[in-house]
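The next block holds one structure in the form of structure tokens; read it before the comments.
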Amino acid sequence: MTLDYIAIAILSSLSTASILLIATLGLAIVFGLMGVINLAHGEMIMFGAYAALLSTRLGVPFPLAVLLATGATALFGAVVEILIIRRLYGRMLDTMLATWGLSLALYQSAVLAFGSVTPGIGMPQMTVRIGQYGVSAYMVFLIFVAVSCVAGLFWLLTRTGYGIMARAAIADAETASAIGIESSRMNTVTFALGAGLAGFAGAILLPVFPATPSMGFALAIKAFLAVVVAGPLPLSGTVTAIGTLGTAGGITSSIWSTAAGDLFFFGTTILILRLWPNGISSLWRYKL
Amino acid sequence: MFEICEATGGYRKTVIVRDVSLTVAEGEIVALLGRNGVGKTTLLKYAMGLTANFGGRVILGGASLAADRAKRAKAGLGYVPQGRFVFPRLTVVENIASAAVACGHNHRDAVKRILSEFPALQEKAHALAGTLSGGQQQLVALGRALATQPKLLILDEPTEGVQPSIIDELAGTLLRLNRQEGLSILVAEQDLDFCLSISQRAYIMDRGTVVKEATKDVLLADNHLLQNLLAV
């Protein structure tokens with residue numbers, strides 16, 4: 001095993017973890033700022049992926065297609081919040097059931113509309129080389145995307161009026177309402193933000209994960225586990241959880257096999273939850 | 001200026017306060033006294049729209065207030081809940097800013113104004129509110145309510161769990177706000193000394209209703225009344 005090999009293994013593990021982080025942020029934000037577990041998160045990723053795919057087919061350049069897909073999914077999220085989620089506040093199990101139903105409906109609609117297999121859009125053919133090993137430049141770019149997303153969310157949630165009010169509302173809805181914060185409006189924006197992030201994930205990951213009706217399922221399972229491991233703090237908790245789980249799982253899978261990587265991921269998740277049943281961030285004193 | 005009319009309220013189906021009326025005049029500090037569990041907190045929550053409303057109205061500046069909680073805050077009721085309930089993972093500055101933004105005011109101006117009002121908070125400005133002492137949290141909760149630019153400030157047991165030096169600062173601040181800015185205040189308290197040091201008039205509650213209204217001088221003179229209705 002050479003130094004080059006180790007360097008490339010770390011780089012590709014970081015990009016694997018970044019993919020997972022991109023796919024998880026929307027779920028983490030909705031759970032951390034609303035206390036809602038959105039079981040349709042995976043299908044919202046799929047929604048964004050198809051939105052971006054259809055846009056590029058119509059001749060829209062890919063970066064613009066990503067923006068369109070993000071906006072369309074956010075809008076869809078706002079509608080879902082107003083029609084479904086809002087009526088079930090404080091009823092976590094009912095919310096999970098309702099969003100699970102939504103995920104089935106979205107999956108089946110995608111199968112009916114697009115069939116179960118659709119062609120991908122192909123990854124840009126550029127490679128980052130280290131010695132004799134190479135990794136796709138797009139995978140490396142995704143590390144940058146993940147870092148930008150986290151930085152952008154931190155800015156949004158600590159520097160804007162919406163962010164500060166949303167954090168106040170999840171801390172104590174009654175007191176928040178008594179100082180004039182309209183929690184229901186905050187929740188609509190937060191859910192739209194979470195859905196928009198899911199749509200963004202589906203679109204930006206399109207060159208890596210081709211749009212298929214079942215793609216959300218594949219991405220969402222690890223995302224759910226990461227959110228559970230992370231606990232109440234949506235940014236520091238999620239980044240730490242994915243940083244450790246994702247990178248370690250990624251290294252394991254690049255040394256042995258993908259199956260070994262997944263086994264390591266799930267095994268570590270179980271271990272962490274035995275030690276911190278409420279998630280690793282439950283006792284942390286950070287803003288997010 | 002502020003009026004609670006024939007309020008009947010409680011939680012779910014349980015009535016806790018029944019048929020209570022009280023008024024606060026412009027620029028007045030009014031105390032709400034009574035033993036533990038007589039309904040003071042529930043009455044204040046009723047005013048803020050935080051309890052079930054089985055009857056009655058809340059009037060501010062001649063207009064009857066809508067049931068919506070957030071709208072009551074925007075209409076001019078500033079609320080400092082019992083137990084403070086600062087947002088623990090928001091900084092002191094963010095606690096103040098959240099209230100200012102929610103009520104449509106400039107948050108930078110609000111933060112500047114509140115921090116100059118409470119110098120004790122300045123060095124803690126960027127600390128998470130959950131890490132502050134009880135007294136400091138009380139100042140944050142008060143500052144947060146003031147950031148909504150209220151017409152009437154409603155305080156629920158502001159001295160509970162607060163060290164004596166901060167109680168004095170609190171009393172001084174409330175008096176100054178009242179005299180300089182004409183802020184009207186309704187304060188529920190068990191600490192009689194604190195109440196009598198700032199208020200001009202008091203309502204005394206027992207078993208979910210107001211049983212006596214008295215000026216400060218009458219209260220001070222009537223030991224029997226204090227014994228009967230306020231002794232813990």
Notebook entry, point to check: Can a salt bridge be assigned to the pair Arg87(A) and Glu81(A) using a cut-off of 4.0 Å between side-chain N and carboxylate O?
Noted result: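 Between Glu81(A) and Arg87(A) there is no salt bridge, as every charged N stays at least 4.0 Å from the carboxylate O atoms.
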Check: So does Glu94(B) pair up with Arg89(B), basic N to acidic O under 4.0 Å?
Finding: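 Not counted as a salt bridge, because no side-chain N and carboxylate O are separated by less than 4.0 Å.
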Margin query: I'd like to know if the side chain of Asp19(B) and the backbone of Thr8(B) have a donor-acceptor N/O pair within less than 3.5 Å.
Written below: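 Looks like no, no N/O pair under 3.5 Å.
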Next item on the list: Mind listing the closest non-hydrogen atom pair of Leu186(B) and Leu152(B) along with its distance?
Entry: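 That closest heavy-atom pairing would be N-CD1, 4.0 Å.
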Notebook entry, point to check: Among residues 37-65 of chain B, which ones touch chain A with a heavy-atom distance under 4.5 Å?
Noted result: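 Within residues 37-65 of chain B, the residues that come under 4.5 Å of chain A (heavy atoms only) are Lys45(B), Met48(B), Leu50(B).
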Check: Is there any residue in residues 105-126 of chain B with a non-hydrogen atom under 4.5 Å from a non-hydrogen atom of chain A, and which ones are they?
Finding: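 Counting heavy atoms that sit under 4.5 Å from chain A, no residue of residues 105-126 of chain B is involved.
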Given that the side chain runs from C-beta out, which part of [X] has a heavy atom under 4.5 Å from chain B: side chain, backbone, both or neither?
X	answer
Tyr162(A)	neither
Leu233(A)	side chain
Ala169(A)	neither
Thr158(A)	both

Check: So with a 6.0 Å cut-off around CH2 of Trp100(A), is the heavy-atom count from everything else above 12?
Finding: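 Atom CH2 in Trp100(A) is not crowded, with 12 or fewer foreign heavy atoms closer than 6.0 Å.
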Checklist line | Heavy-atom proximity to chain A below 4.5 Å, by part of Leu128(B) | finding: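 Only the side chain of Leu128(B) comes within 4.5 Å of chain A.
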Next item on the list: Take the angle between the ring planes of Phe47(A) and Phe76(A) and call it parallel below 30°, perpendicular above 60°, tilted in between.
Entry: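 Phe47(A) vs Phe76(A) ring planes: parallel.
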Next item on the list: Kindly indicate whether a cation-pi arrangement holds for Lys151(B) with Phe2(B), taking the cut-offs as under 6.0 Å to the six-membered ring centre and within 45° of the axis.
Entry: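 No; the conditions do not both hold, so Lys151(B) does not lie above the ring face of Phe2(B).
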Notebook entry, point to check: Does the side chain to side chain contact (heavy atoms under 4.5 Å, CB included) test come out yes or no for Ser236(A) and Trp284(A), once each step is laid out?
Noted result: CA-CA 9 Å; Ser236(A) 57; Trp284(A) 292 358; 3.8 Å; yes
